[in-house]
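Down below is the structure, laid out as structure tokens.
Note on naming: letters A, B, ... go to the chains in the order of the sequence lines (proteins, then strands), and numbering restarts at 1 for each one. As a basis for the values below, the full set of heavy atoms in this structure was taken, side chains included, without hydrogen atoms, waters or symmetry mates.
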There are 2 protein chains.
Amino acid sequence: MNTRKNSGGASAVATTPAAGGAAAGRTVRRAASSGSASERREHLVKLAAELFARKGFQATTVRQIADEAGILSGSLYHHFDSKESIVDEVLSTFLHDLIGRYRSALDGGGDARAVLSEMVRIGFGTLEPHRAAITVMQNDWNYLRSLPGDRFDYLIKAEDEVERMWVGQIKRGQAEGALRPDVDPKLTYRMIRDAIWVAVRWFRPGGRLNPAALSEHYITVLFDGLATGERTSHPA
Amino acid sequence: MNTRKNSGGASAVATTPAAGGAAAGRTVRRAASSGSASERREHLVKLAAELFARKGFQATTVRQIADEAGILSGSLYHHFDSKESIVDEVLSTFLHDLIGRYRSALDGGGDARAVLSEMVRIGFGTLEPHRAAITVMQNDWNYLRSLPGDRFDYLIKAEDEVERMWVGQIKRGQAEGALRPDVDPKLTYRMIRDAIWVAVRWFRPGGRLNPAALSEHYITVLFDGLATGERTSHPA
DNA sequence: GTCTATAGTTTGATAGAC
DNA sequence: GTCTATCAAACTATAGAC
């Protein structure tokens, strides 16, 4: 996924927390994060992710990222190989977390409707911790995919795996008779997925609608359309 | 909306078709479009829109646009003030058309469910003719909105007007008893809107799914969740 | 781990000949 | 309406001092 320049990593937890040198560090403009090197790195990735989300990957310059961190642009290259490797880390961290959560939901068992409901909750649940990453993934997907090389091929791999999980549950629900058989599983998956993820455009943490309320609303609307039962029309 | 450099315009139809000079034009690499000046302009906008959609507005250079048209980058500035004015024309043309179609649907009358169904069809109906513009609007919305000045304020104005139309119909449907009253109208509008527009990411003209089939699928799923009737659960 | 300084490209846009 | 030629600015990334 991403090539790291120094040791340690964002997702790796069992790294030596041997404290950052910080021998020089003159004006120390950076607020907190006087912790380990990996914490510092994580902090920089987070700052960059916010900028990428707000202005777009291309429109965000390494100078702006460095400014936000209180250092000069050249200093960023002590932590990262390139601007691309930063966005790489933003996206792969998110996808790693997301897929892990989905797997847990599938392992948890339950009928198709219960699992699918849980997957909706997971989707909305990532809106808050991964808002910036989700925004970047949507807005800059085409651009990143258009870059030469196979660096961002894992985006497709992750997308495919997620699709398999959703479609599998939808088909199971249809086979068990819990979901109406006259809808296209793949198209239905896309419809749900799109409606959830694009919510990142208008979702604001602390706003009128929290992720839990959003989930229940969407689940209600969705299943009273998906579940079998008395309906106004029931096409072949 | 957009400031044009020369006379004539994309949406204006009653323009003198006084034929493009084309006195010099050496190798004339441009395929067809030996018509009026406004046709030539429209053609350039279309080429640019495709590039913007594929790589993103920022990542598309004026040189690439010119290449695609078979001219040099400097020559583009005979037709447009700036790169921004090109994307401006892409988006304003689309929004003009979209809002016009919505207004017709509202004027057509009918009950809320019928009007809303028609609005869904309109949404999917624009996917084919305005695929590039819709893609640009979604991917580069944040960036364009972040630019200094009020040039792209009309994006917000158009968004607001569209929201008023949708929410108005949803509320009317609830008042008339055709739609379940326990859903939030604004949130429901967003859910529908998001699901429709994001389809532009995977929709391909001539593919397995045409806009008409998509519309009916979405309408079926949506209304059997929105319409009143026997339901598994019916929260307060 | 940050700074200074800068190399090497690429970009959007302009001026004037034809 | 396009080309030639070019400018000024901005960009990513690097090298080496501290």
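The shortest distance between the side-chain N/O atoms of H78(A) and the OP1/OP2 oxygens of dG1(C) is below 4.0 Å. Between S75(A) and dG1(C) there is no side-chain polar atom (N or O) within less than 4.0 angstrom of OP1 or OP2.
Atoms CD1 (I71(B)) and P (dT2(D)) sit 5 Å apart, rounded to a whole Å. Rounded to a whole Å, the CZ atom of R41(A) is 12 Å from the P atom of dG1(C). Following rounding to the nearest Å, L72(B) (CG) and dT6(D) (P) show an atom-to-atom distance of 15 Å. Rounded to an integer number of Å, the gap from D67(A) CG to dA10(D) P is 14 Å.
Qualifying salt bridge (Lys or Arg N to Asp or Glu O under 4.0 Å) partners for R145(A), counting only residues two or more places apart in sequence or in other chains: D153(A). Among residues two or more places apart in sequence or in another chain, the salt bridge (Lys or Arg N to Asp or Glu O under 4.0 Å) test is passed with R103(B) by E161(B). Among residues two or more places apart in sequence or in another chain, the salt bridge (Lys or Arg N to Asp or Glu O under 4.0 Å) test is passed with E128(B) by none. Evaluation of the side-chain contact (heavy atoms from CB on, under 4.5 Å) rule for E216(B) yields R121(B), I219(B) as partners, not counting sequence neighbours.
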Anything under 3.5 Å between a protein N or O and an N or O of nucleotides 9-13 of chain C, put it in a table, one pair a line.
residue : atom : partner : partner atom : Å
dG12(C) : OP1  : K83(B)  : NZ           : 2.8
dG12(C) : OP2  : V62(B)  : N            : 3.0
dG12(C) : N7   : R63(B)  : NH1          : 3.3
dG12(C) : O6   : R63(B)  : NH2          : 3.3
dA13(C) : OP2  : Y77(B)  : OH           : 2.6
dA13(C) : OP2  : K83(B)  : N            : 2.9
dA13(C) : O5'  : Y77(B)  : OH           : 3.4

Show the atom names and distances, to 0.1 Å, of all donor-acceptor pairs under 3.5 Å that link a side chain in residues 66-75 of chain A to residues at least two apart or in another chain.
none

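With salt bridges taken as basic N to acidic carboxylate O contacts below 4.0 Å, one links D184(B) and R208(A).
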